[in-house]
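A quick note: this is a predicted structure, and the numbers were derived from the prediction, not measured. Counting convention: from 1, in listed order, for ligands and their atoms alike.
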Amino acid sequence: MAMAGAVRCWRLGAGPSSLQIQALSLHMSKTAMGASQKDFESAMNQVKLLKKDPGNEVKLKLYALYKQTTEGPCNTPRPGVFDLINKAKWDAWNALGNLPKETARQNYVDLVSDLSSSDSSSQVKPEADRKQPGYETLVVTSEDSITKIMMNRPAKKNALTVQMYREIMLALEAASKDDSTLIVLTGNGDYYSSGNDLMNFMNIPPGEMEKEAKNGAILLRDFVGCFIDFPKPLVAVINGPAVGISVTILGLFDLVYASDRATFHTPFTHLGQSPEGCSSYTFPKIMGQAKAAEMLMFGKKLTAREACAQGLVTEVFPDSTFQKEVWTRLKAYSKLPRNALHISKQSIRNLEKEKLHAVNAGENSVLQERWLSDECMNAVVSFLSRKAKL
Ligand SMILES: CCCC/C=C/CC(=O)SCCNC(=O)CCNC(=O)[C@H](O)C(C)(C)COP(=O)(O)OP(=O)(O)OC[C@H]1O[C@@H](n2cnc3c(N)ncnc32)[C@H](O)[C@@H]1OP(=O)(O)O
C-alpha cells in the first residue's frame, strides 16, 4: 500500500546506532512543549529509515496523522466503493475528525518514535549469529521468513553421508515448526550434491551386509518420507550439478530453481541400483514415460535447460546472476500470506500423500536387494578404486 509523503522506503539503510539516537531524541521531544515542525520533519525522515515494515494498519494511522497535521480535518469526498486503498486511507484520515493539527503532529512524532525503538531492537543480525548451531554437515540459517538448509561438504561435492541424511531430517523437522514461510535446500561450493556418499557402502563386515542394507532402506524411507510429509513450500536452489538421490527427490519439491551450470544425472543402472525418492512415480508424471525412462533407466544426464523443458526445473538462471536473482524472487515470495501458502501446499500434497508413501516403500524394498547385488558392489568398488566416474 503506497502512501505518498507519510510512509515510503522502509528498506533504506541506516546504522542501528543512528536509529537509536534519533529515536531517543524523538522521545525526548515528547516533553511538555509538544512536538515542533522540526520534530515532525525529522519523524518523517525517520519513517523512511525503518527496516521493518510496520504493517498496513500502522501505515494507515501514520498516513491519517500526516494528512491531519499538514491539511487539517478530512474534507474531500469519500473515494468510490471499488477504490479500496484510497477508501481505507480516507477512512483513517476521516476518523480523526476535528483533532487539532498540533495534537496530530505530536501523535505522529510519538508513533514514529515507538516504531523506531522497536525497529532498532530488531536489526538484522550478522550471518554468524543467524546460523543455527548443532549441525556438522549443514549450515542452517533463517532470515526474511526463509529457512535455508545448505549441504556443506563442498570438498566431497556434498555427497550425502548417513550423518547428513539425519541432519537434513532434523533440520526439516525444526523448519516445519519454526516461523518461516519457505524452506530452501541448496549446496555449498561448485556442486549441489553428488548424491549418496559411496563410502556409505564401505567398511561393512561380511556378515553384516543384509542388516546394513535393511538399515539403509529404513534410513532412505524416513528421509524421503520427510519430503513427502513436509507441510511448507520447499524450494531447491540448484547451484551446480546434481546426482542420484539429490535429483530424484526434486519431484517432491514445490519450486526448483537452477543455475545454467547445473546438470541432472541419475545413473542408477550404471551403479547396479534402481530409482528412489519416489522418482519412479513422479518423473513419468512430470516429464512423460519416455523421457523419464531415458533418465532413470539409461542414465541420460540433462542440462538445466533440458530439465526445465521437461518440467523438472521451474526456471533456469545464468550462473553469474543466479544467487542474486533467485534470492530476490524468494524474498518476495516469502512475504505472501503464510497460512494461505501452507494450506495450498498441503491441499496439493494431500491428494498424493498415500500414493507417495506406498511408492517410497516399494522403491526401498527393491533397493535393499540391489545393494546386495554384485552389480552394485562392483560399481562402488570401481568408483572407490578410481576406475570409474560418472
Ligand atoms: C542410504 C541411502 C541411499 C540412497 C541412495 C542413493 C543413490 C544415489 O545417490 S546414486 C549416486 C551416487 N553418486 C555417484 O555415483 C557419484 C560419484 N562421484 C563421481 O562420479 C564424481 O566424484 C563426480 C562426477 C561427482 C565429480 O567428479 P570430479 O572429478 O569433479 O570430482 P572428484 O575428484 O571425483 O570428487 C571430489 C571428492 O569428492 C568425492 N566424492 C564425490 N562424490 C562422491 C560420492 N558420491 N561418494 C563418495 N565420494 C564422493 C571424491 O571421491 C573426491 O574425494 P577425494 O578428494 O578424497 O578423492
Side-chain angles (χ1 to χ4, degrees), residues 137 151-169 172 185 187-204 208-228 236 238-252 259 261-280 282-283 295-303 359-373 375-390:
T137 64
M151 297 174 275
N152 191 31
R153 294 183 75 219
K156 300 285 181 185
K157 312 290 182 194
N158 297 320
L160 290 147
T161 58
V162 170
Q163 182 183 10
M164 207 155 161
Y165 288 113
R166 296 218 166 101
E167 289 192 357
I168 291 174
M169 287 192 272
L172 286 175
L185 184 62
N188 188 13
D190 61 343
Y191 259 64
Y192 175 69
S193 168
S194 61
N196 189 39
D197 190 314
L198 297 173
M199 288 302 286
N200 292 338
F201 293 105
M202 297 312 287
N203 304 324
I204 301 172
E208 303 274 287
M209 289 293 285
E210 292 195 2
K211 194 176 113 212
E212 283 304 310
K214 192 169 171 207
N215 289 342
I218 292 169
L219 177 66
L220 185 57
R221 181 200 65 197
D222 292 348
F223 180 73
V224 175
C226 279
F227 288 86
I228 297 173
I238 313 283
N239 52 298
V243 184
I245 181 140
S246 73
V247 176
T248 54
I249 52 166
L250 294 179
L252 299 171
S259 148
R261 215 173 46 75
T263 52
F264 298 82
H265 196 189
T266 49
F268 300 126
T269 306
H270 300 72
L271 293 165
Q273 298 184 35
S274 52
E276 20 61 358
C278 292
S279 59
S280 58
T282 57
F283 278 29
M295 265 193 100
L296 295 175
M297 289 162 58
F298 298 97
K300 183 177 179 196
K301 189 196 284 187
L302 300 189
T303 64
V359 171
N360 187 25
E363 287 178 344
N364 294 344
S365 74
V366 174
L367 253 179
Q368 188 178 332
E369 294 298 316
R370 284 278 92 217
W371 288 330
L372 299 171
S373 70
E375 286 178 342
C376 178
M377 274 305 126
N378 291 339
V380 172
V381 170
S382 275
F383 172 73
L384 295 174
S385 59
R386 289 297 183 274
K387 278 187 252 155
K389 246 182 207 183
L390 293 173

Begin with the C-alpha distance, continue with both residues' side-chain angles, and end with the deciding distance and a verdict on side chain to side chain contact (heavy atoms under 4.5 Å, CB included) for Arg261 and Asp190.
CA-CA 9 Å; Arg261 215 173 46 75; Asp190 61 343; 4.2 Å; yes

Check the pair Thr269 / Phe298 against side chain to side chain contact (heavy atoms under 4.5 Å, CB included), numbers first and verdict last.
CA-CA 7 Å; Thr269 306; Phe298 298 97; over 6 Å; no

Going through the distances and angles, do Ser259 and Asn239 end up as a side chain to side chain contact (heavy atoms under 4.5 Å, CB included)?
CA-CA 5 Å; Ser259 148; Asn239 52 298; 5.6 Å; no

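Between the side chains of Thr137 and Gln163, not a single donor N or O lies within less than 3.5 Å of an accepting N or O.
Using a 4.5 Å cut-off on side-chain heavy atoms (C-beta onward), Phe227 and Leu172 make contact. Contact of the Leu160 side chain with the Ile168 side chain is registered, since non-hydrogen atoms from C-beta on lie closer than 4.5 Å. Two residues are said to be in side-chain contact when any heavy atoms from C-beta on lie closer than 4.5 Å; Asn200 and Met164 fail this criterion.
If you take CD1 on Ile249 and CG on Asn360, they are separated by 11.0 Å, rounding to the nearest 0.5 Å.
Of the protein's heavy atoms, Lys389 NZ, 2.8 Å lies nearest to atom 29 (O) of ligand 1. Atom 42 (N) of ligand 1 has its closest protein heavy atom at Ser194 OG, 2.8 Å. When only non-hydrogen protein atoms are considered, atom 2 (C) of ligand 1 lies nearest to Tyr165 OH, 3.6 Å. With hydrogens left out, the protein atom closest to atom 50 (C) of ligand 1 is Arg386 NH2, 3.5 Å, a heavy atom. In terms of protein heavy atoms, atom 19 (C) of ligand 1 is closest to Phe383 CE1, 3.5 Å. Here the heavy atom of the protein found nearest to atom 36 (C) of ligand 1 is Ala155 O, 3.6 Å. The shortest contact between atom 45 (N) of ligand 1 and any protein heavy atom is with Asn196 O, 3.0 Å. With hydrogens left out, the protein atom closest to atom 1 (C) of ligand 1 is Gly216 O, 3.9 Å, a heavy atom.
Polar contact check, Met199 against ligand 1: no nitrogen or oxygen pair lies under 3.5 Å apart.
Contact annotation for Leu367 and ligand 1: no heavy atom of the residue comes within less than 4.0 Å of the ligand. For Tyr191, every heavy-atom contact with ligand 1 shorter than 4.0 Å involves the side chain, none the backbone.
Taking every heavy atom of Lys157 and a limit of under 4.0 angstrom, the matching atoms of ligand 1 come to 30 (O), 31 (O), 35 (O), 36 (C), 41 (C). Near Leu271, meaning under 4.0 Å from any of its heavy atoms, are these atoms of ligand 1: 10 (S), 11 (C), 12 (C), 15 (O). Proximity to Ala159 (heavy-atom distance under 4.0 Å) selects the following atoms of ligand 1: 43 (C), 44 (C), 45 (N), 46 (N). Ligand 1 places these atoms under 4.0 Å from at least one heavy atom of Trp371: 3 (C). Counting atoms of ligand 1 from 1 in the listed order, those under 4.0 Å from a heavy atom of Gly195 are 9 (O). The Gln273 neighbourhood of ligand 1 comprises atoms 7 (C), with distances under 4.0 Å to a heavy atom of that residue.
For the residue pair Leu250 and Ala236, the shortest heavy atom distance occurs at CD2-CB, 3.6 Å.
With hydrogens and angles disregarded, a donor-acceptor distance shorter than 3.5 Å links the side chain of Glu363 to the backbone of Cys278.
Within the structure, ligand 1 lacks Ala379 among the residues with a heavy atom less than 4.0 angstrom away.
In terms of the ring-ring contact (aromatic ring centres under 6.0 Å, His included) criterion, residue partners of Tyr165 (sequence neighbours excluded) are, by chain and number, Phe223.
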